[in-house]
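Each remark here refers to the structure printed beneath this line.
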Protein chains: 2
Amino acid sequence: MGMGRPREFDADTALDQAMEVFWRHGYEGATIAQLTEAMGINPPSLYACFGNKEGLLKAALDRYTKLRGVWMDEVVAASTAREVAERMLMGIADKQTDPANPPGCLLVQGGIACGTGSENVPFELASRRAQNEDQLRDRFIRAKAEGDLKRTSDPAALARYVSAVAVGMGVMASSGADREALRQVASVAVQAVEAQSERG
Amino acid sequence: MGMGRPREFDADTALDQAMEVFWRHGYEGATIAQLTEAMGINPPSLYACFGNKEGLLKAALDRYTKLRGVWMDEVVAASTAREVAERMLMGIADKQTDPANPPGCLLVQGGIACGTGSENVPFELASRRAQNEDQLRDRFIRAKAEGDLKRTSDPAALARYVSAVAVGMGVMASSGADREALRQVASVAVQAVEAQSERG
DNA sequence: CCACATCTGTAGTGAACACTACATATCTGG
DNA sequence: CCAGATATGTAGTGTTCACTACAGATGTGG
């Protein structure tokens with residue numbers, strides 16, 4: 001029993017291209033024709049490899065969050081809650097306006113509202129965003145235990161807040177906000193975390 | 001020359017229904033069939049009255065921003081920048097989780113990314129959000145002139161920040177965040193404005 | 001009551017969509 | 001070199017989409 005004809009394209013490279021299409025047009029706005037052209041393959045190859053359009057999105061999201069996870073690890077490695085927030089939001093200001101990628105964040109651009117048959121796409125994105133939020137929350141819990149954050153502060157609320165600002169910045173970026181505008185937002189946003197810090 | 005058969009439906013009532021469909025499913029996710037059913041009319045009536053799908057969206061946005069404008073006037077009527085931010089964000093926490101409406105904000109849910117042929121829909125939404133931001137900015141400029149905000153603070157940046165938080169809260173609401181979670185975000189967010197206030 | 005103008009419901013239109021049948025090509029194991 | 005297995009390219013499939021032709025209904029002005 002042979003192992004069959006080998007795949008002629010690299011799945012990760014193809015996923016990078018698919019990611020960009022979803023990022024720019026959203027899940028519903030991206031067509032199979034656009035995706036296959038960007039990936040340099042034909043529809044049967046796409047379906048054989050990823051199942052269907054939603055399967056392709058999930059694979060692209062896996063790849064996106066994996067790359068993003070590496071960066072988040074660096075973010076939460078900062079020594080104070082304030083610096084965590086600053087690294088995160090300033091980094092996002094830069095990443096979301098990096099001309100190498102579409103503006104904004106795939107986890108937002110992918111699809112906030114979807115039509116019949118794609119109702120779970122927004123939830124899929126939301127659950128990925130929640131992972132980031134959980135990572136932030138855990139870091140802020142530690143900051144509170146260390147006395148970095150005030151004893152009255154709520155780490156979960158702070159994490160939700162930073163996450164919300166990040167999402168808002170993503171939407172602004174996708175509608176044309178430039179890097180400087182996003183940095184200003186980040187700069188103001190950090191002050192709320194600073195107000196929760198013991199040495200604010 | 002007669003004036004023709006009169007319209008049998010009320011345009012504003014029909015727009016309220018269309019607004020809800022766009023709000024829940026987004027521009028691309030909403031189908032003409034869903035829209036006409038919700039509006040209680042047939043496609044020819046829709047096209048005769050609103051031109052096309054995008055014309056219907058714009059009419060719905062006009063109605064949405066008109067209603068929202070009344071509320072924004074109350075928000076900026078607050079006596080300090082801090083209270084403006086608090087009224088705005090706390091109000092948004094409540095409105096975006098009001099069971100009478102779909103969760104989130106139409107100006108975000110409507111469509112952040114769109115496919116070929118609808119590229120200007122996201123810009124249309126962004127320009128409406130910018131109107132809110134401008135109103136906030138003008139209010140913060142006044143606050144600075146009055147000595148309410150510090151002389152070092154940037155009213156435009158503050159307005160962008162509050163606007164970004166509002167958008168982020170909208171996305172969170174649409175993906176299931178409850179009222180209490182949004183209020184916590186608002187509560188933290190206000191502290192950044194407080195930090196820019198002279199009597200913080 | 002008639003000419004004219006506008007609305008309404010039925011029943012479609014062509015185009016674009018996600019997805020696939022099928023023949024062919026390219027591999028492995030024996 | 002052959003049999004089995006998987007990938008590929010061509011060329012579709014049925015469905016759903018936004019949108020509309022058309023005939024009949026309902027109004028106004030003369």
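Here is how names work: the chains are called A, B, and so on, in the same order as the sequence lines, proteins then strands, and each is numbered from 1. The structure presented is a predicted model; accordingly, all values stated were derived computationally and were not measured.
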Sorted by position of nearest nucleotide on DNA chain C, 5' first, the leading residue of A:Pro43 and B:Arg7 is B:Arg7
So, is A:Tyr47 near the phosphate of C:dT20, with a side-chain N or O under 4.0 Å from OP1 or OP2? no
Starting at the 5' end of DNA chain D and moving along, which residue's nearest nucleotide shows up first, B:Gly4 or B:Glu54? B:Glu54
Taking atom P of D:dC17 as reference, at what distance in whole Å does atom CD of B:Glu37 sit? 12 Å
Can you check whether A:Ala30's main-chain N or O pairs, donor with acceptor, with A:Lys53's side chain at less than 3.5 Å? yes
Taking N and O atoms by type only, does the side chain of A:Arg5 place a donor or acceptor under 3.5 Å from a partner on the base of C:dC27? no
Length of the CD-C1' vector between B:Glu8 and C:dG9, whole Å: 10 Å
Take atom CZ of B:Phe123 as the centre, draw a 6.0 Å sphere, and report whether it contains more than 12 heavy atoms from other residues, nucleotides or ligands. no
Is it the case that B:Gln135 and B:Asp73 place a side-chain donor and acceptor less than 3.5 Å from each other? yes
Atom CG of B:Asn42 and atom C1' of C:dG12: how far apart are they, to the nearest Å? 13 Å
Send over the distance from B:Phe50 CZ to D:dC19 P, rounded to a whole Å. 14 Å
Over how many whole Å does the gap from B:Met3 atom CE to D:dG29 atom P extend? 7 Å
Please give, in whole Å, the distance from C:dG9 P to B:Leu46 CG? 12 Å
Are any side-chain N or O atoms of A:Arg129 and backbone N or O atoms of B:Met172, one a donor and one an acceptor, separated by less than 3.5 Å? no
Which nucleotide in C:dT20, D:dC19, C:dT26 has an atom nearest any side-chain atom of A:Pro6: C:dT26
What integer distance in Å separates B:Leu56:CG from D:dC19:C1'? 13 Å
Nearest heavy atom decides the nucleotide; on that basis, is A:Ala48 or B:Lys53 closer to the 5' end of DNA chain D? A:Ala48
Heavy atoms from other residues, nucleotides or ligands near CD of A:Glu119 exceed 12 (cutoff 6.0 Å): yes
With a cut-off of less than 4.0 Å, is there a side-chain N or O of A:Ser45 near OP1 or OP2 of D:dA7? no
A:His25 NE2 to C:dA16 C1', in whole Å, measures 15 Å
